[in-house]
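So the structure is just underneath, and the comments pick up after that.
This is a predicted model, so every value here is computed, not measured. The basis for the numbers below is simple: all heavy atoms, side chains too, and nothing from hydrogens, waters or symmetry mates. Just so it is clear: chains get the letters A, B, ... in the order the sequence lines come, proteins before strands, and each one is counted from 1.
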2 protein chains.
Amino acid sequence: MNPLIEQFKKYGYLNEALEKAVENRTRYFFKKKGEHFLREGQHLSSYFVLRKGLIRAYFLKNGREMNSWFGEENQIFGSILPVYTEKPSFENIQFLEDSEIYAISVDDLNELYRIYPELNLIGRKIAEEVCIILEERIMSLHTESAVERYQSLIRLQPNLLNRINLGHIASYLGITQETLSRIRR
Amino acid sequence: MNPLIEQFKKYGYLNEALEKAVENRTRYFFKKKGEHFLREGQHLSSYFVLRKGLIRAYFLKNGREMNSWFGEENQIFGSILPVYTEKPSFENIQFLEDSEIYAISVDDLNELYRIYPELNLIGRKIAEEVCIILEERIMSLHTESAVERYQSLIRLQPNLLNRINLGHIASYLGITQETLSRIRR
DNA sequence: ACACGATTTTGATATAAGTCAAAAAATGCC
DNA sequence: GGCATTTTTTGACTTATATCAAAATCGTGT
């Protein structure tokens, strides 16, 4: 079954017509490790679900990559900036493993919101949930030391540590790889 | 005119019945400098607009107050956690000047979403806009040094600097007051 | 099992920011 | 206008993290 619809159903009811409409606009991609899904400046997709694989989002700061988040299977993701502002994303999204992904484009999503206003309930709840996740991240960056942020990560996404190399995790935590290596010891 | 309705109208259309319903559920408060609007553990209000005055949101970390944001006139605010999860907020909201505020409670808002589903369009857009603001804050905390964060603040909310003391701003930036004082020089 | 490249760790040193204490300046109040 | 309180600045020292360089370890393909 279409995993995007599955995710939507967690937030509210979809009638048959709406379900069909989402189905018709969903695109499936298979991507190899290292490939990009979204590059800075594009605004390809808005909501997507990873069926299999692992992704990271990063942006460039002084020519250096900084990871902003990691995504695992069956989470719903959005490139929020494109969804709302129609501006291109400043984020890049790259696959860290061979991945399967189901996505709906900004334009299609906006069309669905227009034709099926009841989808706004689901959209609202998703956006609110994203807010909470973002707030927690802000709290973490605002108040925690590098050591504490590492401990939070272990607590919240323990399996990431086995799938992602230290450099990526350090950049997510906002510290250098050397410092992270020392923290672990 | 009710400033909450004014704000809502920036995001979408409200028919007469809905407008009246919002009107009936809006509460007006006048609060003196130093008073609290929301204390950790409560979940009083969800959306509110400051008609006049200045507020700060803060939380406690190891017994120390950390400011998470400041709010000025005619911005719309939400205590997101209560809105979505019905869990109490971990934030405290305090007035830094004598203030006038218009608010709608979590329960009333949820009722409105149920009775007037078209309000979900507005709620979605507000939540999405909040997401963008939060993402920018994350970027700032993640990638910028104390000096850069201070410069960003000057650029984005220059008038705050005249209304709020250094200690509060330092805590917002995630640095000590002494460091901020040295940066300014 | 070996060799190659990628990843992680270690070491020495530099820099940014924190801490604590006190002085200086600004603000409010009678 | 002068006193008390709050806010801001300064100084000396400490701690956390960054930087650069090199060594050690791991993983994969042959």
* Linking I/L/V/M/F/W/Y whenever their side-chain heavy atoms sit closer than 4.5 Å, directly or via other members, would B:Y11 and A:I126 fall into one cluster? -> yes

* Kindly say if A:R185 contacts the phosphate of C:dT8, meaning a side-chain N or O under 4.0 Å from OP1 or OP2. => no

* Asked: Looking at DNA chain C, which of residues 137-144 of chain B put a heavy atom within less than 4.0 Å of it?
  -> none

* Can you give one letter per nucleotide of nucleotides 20-30 of chain D, 5' to 3': B if a protein heavy atom sits under 4.0 Å from the base, S if only from the sugar-phosphate, - if neither? -> BB---------

* Side-chain N or O of B:S181 closer than 4.0 Å to phosphate OP1/OP2 of D:dT9 -> yes

* **Under 3.5 Å donor-acceptor, A:S152 side chain and A:Y150 backbone** => no

* Asked: Are B:K20 and B:E16 within salt-bridge range, i.e. N to O under 4.0 Å?
  -> no

* By salt bridge (charged side-chain N to carboxylate O under 4.0 Å, His left out), which residues pair with B:E73, not counting sequence neighbours? -> B:R163

* Between D:dT8, C:dA17, D:dT17, which nucleotide gets closest to the side-chain atoms of B:T179? -> C:dA17

* Asked: If only atom types and distance count, is the side chain of B:N120 paired as donor or acceptor with the main-chain N or O of B:P117 below 3.5 Å?
  -> yes

* Structure fact -> For B:E19, the salt bridge (charged side-chain N to carboxylate O under 4.0 Å, His left out) test, sequence neighbours excluded, returns B:K9

* To do: Using salt bridge (charged side-chain N to carboxylate O under 4.0 Å, His left out) as the criterion, list what pairs up with B:E65, not counting sequence neighbours.
  => B:R56

* Asked: Okay, side chain of A:S171, backbone of A:N67: is any donor-acceptor separation there less than 3.5 Å?
  -> yes

* Parallel, tilted or perpendicular: rings of A:F95 and A:F37 (30°, 60°) -> perpendicular

* Asked: Can A:E129 and A:K125 be said to form a salt bridge (Lys or Arg N to Asp or Glu O under 4.0 Å), step by step?
  -> CA-CA 6 Å; A:E129 193 167 287; A:K125 290 191 172 177; over 6 Å; no

* How are the rings of B:Y172 and B:F70 set to each other: parallel, tilted or perpendicular (split at 30° and 60°)? -> tilted

* To do: Rounded to the nearest angstrom, tell me the gap between atom CG in A:L180 and atom P in D:dA16.
  => 16 Å

* **Contacts of type side-chain hydrogen bond (donor to acceptor under 3.5 Å, both in side chains), residue B:N165, not counting sequence neighbours** => none

* Asked: Under 4.0 Å: is that the gap between some side-chain N or O of B:T176 and OP1 or OP2 of C:dA17?
  -> no

Got a list of side-chain donor-acceptor pairs under 3.5 Å for residues 173-185 of chain A, not counting sequence neighbours?
{"unit_1": "A:T176", "atom_1": "OG1", "unit_2": "A:T179", "atom_2": "N", "d": "3.3"}
{"unit_1": "A:T176", "atom_1": "OG1", "unit_2": "A:T179", "atom_2": "OG1", "d": "2.9"}

* Asked: How does protein reach along nucleotides 23-30 of chain C, written 5' to 3' as B (base within reach of a heavy atom under 4.0 Å), S (only sugar-phosphate), or - (no contact)?
  -> --------

* Salt-bridge criterion met for A:E6 and A:K10 (N-O under 4.0 Å) -> no

* **B:I183 CD1 to D:dT9 P, straight-line distance once rounded to whole Å** => 12 Å

* To do: Could you check how far CG of A:L173 sits from P of D:dA16, rounded to whole Å?
  => 17 Å

* **Set of residues satisfying side-chain contact (heavy atoms from CB on, under 4.5 Å) with respect to B:F30, sequence neighbours excluded** => B:Y28, B:K32, B:D98, B:E100

* To do: Enumerate the residues from residues 146-154 of chain A whose closest heavy atom to DNA chain D is under 4.0 Å, giving them by residue number; use none for an empty result.
  => A:A146

* Structure fact -> Across all chains, not counting sequence neighbours, the salt bridge (charged side-chain N to carboxylate O under 4.0 Å, His left out) partners of A:E111 are A:R25

* **DNA chain C contacts made by residues 161-172 of chain B, counting heavy atoms under 4.0 Å** => none

